[in-house]
Number of protein chains: 2
Amino acid sequence: MKKRLIGNLIYGQSGGPTSVINSSAYGLFTEAKKHKDRINKIYAMHYGIEGLLKEDIIDIDNYSDKELKNLLTTPGSAFGSNRYKLGNDVEDKDKFDKIIEIFKKYNIRFFFYNGGNDSMETIKKILDYAKKVNYDMCGIGIPKTIDNDLPYLDHTPGYGSAAKFIANVVSQIYFDDNSYINGRVNIIEIMGRNAGWLTASSSLATLNGAIIDLIYVPETPFNIEEFLKKVEKIYQNKRRCLVCVSEGIKDKDGNFISAFSNDYDAFGHNQLGGVGIFLSSLVTKRLNLRSRYIELSLLQRTNTCFPSDVDVKEARKVASYALKVALRGSTNKIVTIKRVSDEPYKIKLGLLNIALVANKEKYLPLTYLNIEHDNILPSFIKYALPLIGNDSKKEENGLYKSFKL
Amino acid sequence: MKKRLIGNLIYGQSGGPTSVINSSAYGLFTEAKKHKDRINKIYAMHYGIEGLLKEDIIDIDNYSDKELKNLLTTPGSAFGSNRYKLGNDVEDKDKFDKIIEIFKKYNIRFFFYNGGNDSMETIKKILDYAKKVNYDMCGIGIPKTIDNDLPYLDHTPGYGSAAKFIANVVSQIYFDDNSYINGRVNIIEIMGRNAGWLTASSSLATLNGAIIDLIYVPETPFNIEEFLKKVEKIYQNKRRCLVCVSEGIKDKDGNFISAFSNDYDAFGHNQLGGVGIFLSSLVTKRLNLRSRYIELSLLQRTNTCFPSDVDVKEARKVASYALKVALRGSTNKIVTIKRVSDEPYKIKLGLLNIALVANKEKYLPLTYLNIEHDNILPSFIKYALPLIGNDSKKEENGLYKSFKL
């Protein structure tokens with residue numbers, strides 16, 4: 001029989017921020033406040049596990065409901081994040097003991113960690129250790145990552161807002177370039193070291209009338225010479241070419257394309273300049289075409305000005321669900337999102353053993369790519385469209401309406 | 001006595017797009033439709049003067065009111081822009097004659113050109129020539145530029161939305177960096193070759209709790225060694241440093257800092273990489289600090305997802321005002337914006353001889369800079385704040401509300 005714990009709650013953030021990670025925090029806190037009989041106090045770790053180890057703990061009761069509501073529009077990880085890696089419980093025994101000691105001191109019985117695949121490893125280790133030393137607690141992983149690369153989840157909170165940002169900005173750049181008779185070769189660099197989910201979301205811009213000529217993801221090898229040939233041909237045809245490319249595209253041997261900048265002598269330095277600036281420089285030098293790179297950079301994960309309303313709602317919901325199942329005694333699980341139907345879009349939350357997700361990555365299926373592997377198929381749009389929401393009257397399909405000649 | 005012309009209208013877009021240039025188009029067209037007794041047909045030039053010379057003309061009557069309303073959220077220059085320069089009416093006589101011939105053919109009596117200082121030169125030349133050859137018409141310049149550098153205007157349509165984008169994104173980057181115990185030296189590159197208005201608007205992010213450590217504008221000389229010393233000191237103090245810098249900063253001799261990349265051997269190529277990537281690379285190499293550059297790039301002028309509502313309204317208003325004064329016989333003028341009061345914010349539209357504005361630039365007054373010339377004073381915030389609007393409940397002072405620990 002599952003235990004009915006009573007005690008305090010602690011919440012931590014981990015890994016890279018998303019536009020909606022703080023919405024999950026808000027969802028958790030507001031749900032927790034409804035269960036005063038079981039949860040006495042609400043704490044947050046300052047900088048996740050790294051802060052916890054220093055007993056750097058935030059008392060959420062010090063903040064008014066009005067202040068907490070601002071979490072819904074706050075970028076970054078409002079309580080501080082970390083990329084701290086716990087070793088195994090032999091080599092890092094001191095640290096595990098320290099954590100349990102702090103949990104005891106603060107009477108923490110409910111532990112929620114908000115992160116991606118790496119962070120799930122952390123929560124698992126702590127919960128396993130707590131069990132080993134007979135410290136009673138329930139811990140649940142709350143998923144988040146803009147990368148959308150958690151296995152077994154239809155999608156991750158954070159992805160929809162990043163996809164919405166990318167789709168709208170790519171559409172904007174398309175319309176901006178169309179302002180001139182002679183356009184440019186615009187190369188948009190999108191996040192994603194290993195997974196192409198974010199870059200694929202650029203294809204949503206086509207719903208707004210934009211034409212994305214080439215889309216390259218890390219799941220399939222990139223050939224520089226073929227790329228240049230295609231760009232040249234497209235430019236000859238249309239006097240412009242719009243390319244969306246994952247930062248992590250690799251050649252057939254698995255080498256990052258961005259690392260080739262030395263060989264091609266475009267730059268003497270390849271640390272800071274990414275693949276966008278490199279390819280753009282190549283297009284200029286080799287094809288003698290006007291080219292520009294646009295790196296979407298941090299803005300992909302910080303946009304709280306027009307997040308996906310669906311994403312914000314789901315981020316709150318996964319967190320309040322995490323709380324409810326912990327109160328019912330579940331532990332060492334991650335909340336999952338299953339898609340029940342596309343039209344109307346419906347999801348169902350569930351639970352999965354955290355070990356199945358920890359340190360694993362889910363890639364973009366190649367079935368979403370065209371035969372040439374240089375663009376994205378409508379089947380992907382069907383998948384991604386419901387995730388970007390449709391928040392305001394100014395939007396249609398999650399994209400800001402545009403006038404077309 | 002002023003003439004009471006009856007005929008058709010033509011509208012053209014020129015120079016770089018803004019988030020609200022198409023709102024001006026919408027404002028003009030909707031106003032024109034109210035004056036059927038004077039204005040029979042509404043045309044737009046496709047790619048401004050460049051298209052006009054090829055008789056590439058768009059009939060606005062082909063578009064429904066619903067379609068035209070999408071102009072309010074359309075980035076770029078929806079009717080096509082150009083950077084075409086007309087020479088004087090002797091060397092380019094053929095072209096001037098061609099324009100008048102087309103005006104006659106389409107019975108154009110009202111001519112509106114939407115642009116910045118360069119574009120005002122174009123409209124002036126055409127109107128002067130029309131007068132010379134006794135072709136009766138009224139032409140008015142509709143101001144736009146994100147650069148805010150038109151003299152005699154309190155501000156320009158387009159600036160407020162760009163400033164709002166910059167302020168919010170800078171705030172977001174600040175909060176994102178604060179997610180980690182050890183932050184980075186973040187260097188944000190903002191548009192502005194000669195004028196610092198856009199970069200100065202980053203200081204609005206402070207209203208949201210962000211701290212911008214250093215702000216550099218082109219109006220005052222930039223010293224690389226002093227910059228590095230300051231960054232080092234700030235980082236030692238706070239484990240992070242946020243720098244906003246105009247693309248056009250120059251040294252004491254007026255050389256663009258971005259052009260120094262060769263001397264400093266950071267890159268072998270200085271065509272594509274701007275000042276942000278250069279300074280960021282220097283910080284890494286010389287100070288051995290983790291640094292990142294973020295170039296806001298085109299997004300500063302394409303953001304139609306969260307434009308300033310004040311800016312959108314004013315962009316429509318200057319255009320409908322242009323139409324009304326043209327109907328009353330005014331010509332060869334530009335619409336001006338005068339600020340009547342700060343609190344409550346109130347403006348008054350007026351007219352100015354177009355010659356006074358053509359090809360002239362207005363710089364950021366040095367009185368808005370601190371003594372060290374490395375940050376912006378609150379007097380600027382007082383100036384800029386009303387321009388970024390406050391559109392939604394999620395905003396406070398035009399900035400998306402943020403939770404602060």
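FYI, side chains are in, hydrogens and waters are out, and symmetry mates aren't considered; it's all heavy atoms of this structure. Every chain is numbered from 1, with letters handed out A, B, ... down the list of sequences.
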Among B/F306, B/Y47, B/F79, B/F175, residue most engaged with chain A (heavy-atom pairs, under 4.5 Å): B/Y47

Can you tell me how far the OG atom of A/S77 sits from the CG atom of B/N178, to the nearest 0.5 Å? 11.0 Å

To the closest 0.5 Å, what do you measure between CG (B/N186) and OG (A/S297)? 8.5 Å

Non-hydrogen atoms of chain A under 4.5 Å away: do they reach the side chain of B/Y174, the backbone, both or neither? neither

Does any backbone or side-chain atom of B/E395 lie under 4.5 Å from a heavy atom of chain A? Answer side chain, backbone, both or neither. neither

Drop me the distance from B/T302's OG1 to A/D177's CG, to the nearest 0.5 angstrom. 11.5 Å

Quick one: what part of B/K69 sits under 4.5 Å from any heavy atom of chain A, side chain, backbone, both or neither? neither

Could you look at B/T304 and say if it's the side chain, the backbone, both or neither that has a heavy atom under 4.5 Å from chain A? both

Considering only heavy atoms and a distance below 4.5 Å, find which of B/N22, B/N168, B/I181, B/I58 pairs most often with chain A. B/I181

Under 4.5 Å from any heavy atom of chain A - which part of B/D391: side chain

The reported gap from CG in B/L405 to CG in A/N62 (rounded to nearest 0.5 angstrom) is 10.5 Å

Side-chain contact, heavy-atom cut-off 4.5 Å: A/P307 with B/Y400? no

Proximal component of B/F165, with respect to chain A [non-hydrogen, under 4.5 Å]: side chain

Mind checking the CZ-CD spacing from A/R301 to B/Q172? Nearest 0.5 Å is all I need. 11.5 Å

Between A/E50 and chain B, with a heavy-atom cut-off of 4.5 Å, which part of the residue counts as in contact: side chain, backbone, both or neither? side chain

If I measure from the heavy atoms of chain A, does B/L68 come under 4.5 Å with its side chain, its backbone, both, or neither? both

With chain B as the partner, which of A/S392, A/G48, A/P17, A/A78 has the greatest number of non-hydrogen pairs under 4.5 Å? A/P17

For the residue pair B/L298 and A/V169, establish whether any side-chain heavy-atom pair is separated by less than 4.5 Å. no

Answer whether the closest heavy-atom distance between the side chains of A/K394 and B/L72 falls below 4.5 Å. no

Does any backbone or side-chain atom of A/Y180 lie under 4.5 Å from a heavy atom of chain B? Answer side chain, backbone, both or neither. both

Search all heavy atoms of A/S402 against all heavy atoms of B/T73 and return the closest pair with its distance. OG-O, 4.1 Å

Within this structure, what is the NZ-NZ distance for the pair A/K401 and B/K66, rounded to the nearest 0.5 Å? 6.5 Å

Closest approach of B/F403 to A/N70 (non-hydrogen atoms, all atoms of both residues): N-CB, 3.7 Å

Top of A/G51, A/P75, A/G76, A/S179 for chain B proximity - count of heavy-atom pairs under 4.5 angstrom: A/S179

Do you know which two heavy atoms are closest between A/Y63 and B/K404, and how far apart they sit? CE2-O, 3.7 Å

Proximal component of B/L299, with respect to chain A [non-hydrogen, under 4.5 Å]: side chain

Quick one, B/I277 and A/I277 - any side-chain contact, counting heavy atoms below 4.5 Å? yes

